[in-house]
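Working notes, beginning with the structure itself.
Letters go in sequence order (proteins before strands), and every chain restarts at 1.
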Number of protein chains: 2
Amino acid sequence: MTRALTRKGEATRARIVAGAAAEIRERGVDEVRLEDVMAHTGTSKGQLFHYFPDGKEGLLLAVAQHEADQVLIDQEPMLSNLTSWPAWLAWRDRLIERYLAQGVKCPLNGLLGQTGRRAPGAQAIVTGLIWRWQKAITEGIRHMQSTGDIDPDLDADRAAAALLAGIQGGVLLLLSTGKIDHLEAVLDLTIDSLRAGARTGGS
Amino acid sequence: MTRALTRKGEATRARIVAGAAAEIRERGVDEVRLEDVMAHTGTSKGQLFHYFPDGKEGLLLAVAQHEADQVLIDQEPMLSNLTSWPAWLAWRDRLIERYLAQGVKCPLNGLLGQTGRRAPGAQAIVTGLIWRWQKAITEGIRHMQSTGDIDPDLDADRAAAALLAGIQGGVLLLLSTGKIDHLEAVLDLTIDSLRAGARTGGS
DNA sequence: GCAAAAATGGACCTGCAAGTCCAGAAACCG
DNA sequence: CGGTTTCTGGACTTGCAGGTCCATTTTTGC
């Protein structure tokens, strides 16, 4: 029962979300004014409030969803195919590459942090992302357990939680320090420890 | 060469910083107005700008430094004495306990995220905290290597970086999800892998 | 005790960014 | 086509939070 949207309308709406997302990535959530979005997307205030009746709140929510989806898309097809050690390393490389390129510009930074508590909907978006992300990692671990590459006694969900936490922290420290070292270290050591577990338990 | 501050003045200044910190912890950086700080600390606008001529910017910086220091203080004396496995576990327990009690209220959340890029001084505070924190962990690992409890071939600094990243991510996910699971998992699995390395390498 | 300096209170100013409104243009649909 | 809905532009309003100013009180040091 979403309201009627013409083809042109949908295009404009999408343009606003994409433009706002870019602007926020570039300069941070609370540095971006509606005016900036207007200028950057070639729209007027009337349009903004036409497509987002809840104002900035609603727009930010739409941007958050957009960016959350993008985070996972950027990891495909590796994330959904963690079925061999080379595949795991390819995923690792993709993560490093992606966040290295992204540098200090974090799409979800402000969303995880600030918006996390204020909007009730933002919370849902973030937990949804985390849940999907962790689920994909868990499945990868389970697959490796089924092939005997990882100790079957390992708690896959717990290991996935630890790995995800490491990634989040690595990215956070990248944002703070500008160096990729933490992310690299946590990825390499955590994955190595998954491999080591198989050798120890298997032989 | 700091300006003259009477005894009363220092007390007031400290009261403002502590009160502002509490308020920010409770409700988030950008939800706190100077007016809130005034009400919460029983001070007037004149006082705020008397002690913080740079206004909100300066106050936030002082709060950031205050909170950064507190983070490390809260981990003592465990953090500086990681000299046995029981000591490591005690440290682990302190971290869990501290962040469990803290819950969703994170002092450095907004500072790491938002303020990280805007103020040049905030960046320094955050990197200083990270550096000190990681150094303490590294020293703990080195000590365990000297006693043979951890594989001496391990890169201590890299391992500390990974552990610190895990902690940061665990806390971040605690803020987002409200659950301590990620932090627990990352601490337990990472510390376990440090111990396992000794057994594997030593025998 | 008394001048100088610091501390305090609060009224006032100001700029800015979110949000409102409505009139005109374009698109849709029978 | 022609009526209806959606889309677009931009001028206007509004509230509020940060910052300024100064008059008054308290503390300090001699």
Worksheet, complete the sentence: So salt bridge (charged side-chain N to carboxylate O under 4.0 Å, His left out) across residues 125-144 of chain B, not counting sequence neighbours, yields B/Asp69-B/Arg132

Worksheet, complete the sentence: Going 5' to 3' through nucleotides 24-30 of chain C and flagging B where a protein heavy-atom sits under 4.0 Å of the base, S where only the sugar-phosphate is that close, and - otherwise, we get --SSS--

Practice prompt. Take atom CD of B/Glu23 and atom P of D/dA17, then tell me their distance rounded to the nearest Å.
Written response: 13 Å

Discussion item. Filter on salt bridge (charged side-chain N to carboxylate O under 4.0 Å, His left out), then keep only pairs touching residues 74-84 of chain B, sequence neighbours left out; what's left?
Written reply: B/Asp74-B/Arg98

Fill in: Degree of bending, the helix from C/dG1-D/dC30 to C/dG30-D/dC1 (end axes from five pairs; round to 10°)
30°

Response to the item:
Contacts satisfying salt bridge (charged side-chain N to carboxylate O under 4.0 Å, His left out) that involve residues 37-52 of chain B (not counting sequence neighbours) are none

Response to the item:
B/Leu5 CG to D/dG29 C1', in whole Å, measures 17 Å

Practice prompt. Please name all residues satisfying salt bridge (Lys or Arg N to Asp or Glu O under 4.0 Å) with B/Glu97, sequence neighbours left out, ordered by chain then number.
Written response: B/Arg94

Practice prompt. Provide, to the nearest angstrom, the distance between the CZ atom belonging to B/Arg13 and the P atom belonging to C/dT8.
Written response: 13 Å

Response to the item:
With sequence neighbours left out, the residues meeting side-chain hydrogen bond (donor to acceptor under 3.5 Å, both in side chains) with A/Gln145 are none

Discussion item. Could you work out, with salt bridge (Lys or Arg N to Asp or Glu O under 4.0 Å) as the rule, every residue matching B/Asp155, not counting sequence neighbours?
Written reply: none

Item to complete: Measure from CG on A/Leu59 to C1' on C/dA18 and round the result to the nearest Å.
Response: 12 Å

Item to complete: Check salt bridge (Lys or Arg N to Asp or Glu O under 4.0 Å) between A/Asp36 and all other residues, then give those that pass, not counting sequence neighbours.
Response: A/Arg27

Practice prompt. For the side chain of B/Leu34, starting at C-beta, report the closest nucleotide among D/dC7, C/dA18, D/dG18.
Written response: D/dG18

Response to the item:
Regarding the side chain of A/Glu35, the nearest nucleotide among D/dT8, C/dA17, D/dG18 is C/dA17

Output side-chain donor-acceptor pairs under 3.5 Å for residues 14-21 of chain B, partner residues at least two apart or in another chain, one line each.
{"unit_1": "B/Arg15", "atom_1": "NH1", "unit_2": "B/Thr41", "atom_2": "O", "d": "2.4"}

Discussion item. Between P on D/dG19 and CG on B/Leu60, what's the gap in Å once rounded to a whole number?
Written reply: 11 Å

Discussion item. Whole angstroms only, please: what is the NE2-C1' distance between B/His50 and D/dC22?
Written reply: 14 Å

Practice prompt. Show your working on side chain to side chain donor-acceptor pair (under 3.5 Å) between B/His182 and A/Gln134 and close with a plain yes or no.
Written response: CA-CA 11 Å; B/His182 289 89; A/Gln134 184 165 332; 2.6 Å; yes

Discussion item. Take a 6.0 Å sphere around CD of B/Glu35 and say whether it holds more than 12 heavy atoms from other residues, nucleotides or ligands.
Written reply: no

Discussion item. Rounded to whole Å, how long is the line connecting atom CG of A/Asp36 with atom P of C/dC16?
Written reply: 13 Å

Worksheet entry | Integer-rounded Å distance: D/dG19 C1' and B/Met38 CE | 12 Å

Fill in: salt bridge (charged side-chain N to carboxylate O under 4.0 Å, His left out) contacts in which one or both residues fall within residues 165-191 of chain A, not counting sequence neighbours
A/Arg92-A/Asp188, A/Asp188-B/Arg158

Close N or O pairs between protein and nucleotides 9-16 of chain D (under 3.5 Å):
{"unit_1": "D/dG9", "atom_1": "OP2", "unit_2": "A/Gln47", "atom_2": "OE1", "d": "2.4"}
{"unit_1": "D/dG9", "atom_1": "N7", "unit_2": "A/Ser44", "atom_2": "OG", "d": "3.0"}
{"unit_1": "D/dG10", "atom_1": "O6", "unit_2": "A/Gly46", "atom_2": "N", "d": "3.3"}

Worksheet item: Under 4.0 Å between a side-chain N or O of B/Tyr51 and OP1 or OP2 of C/dT8?
Response: yes

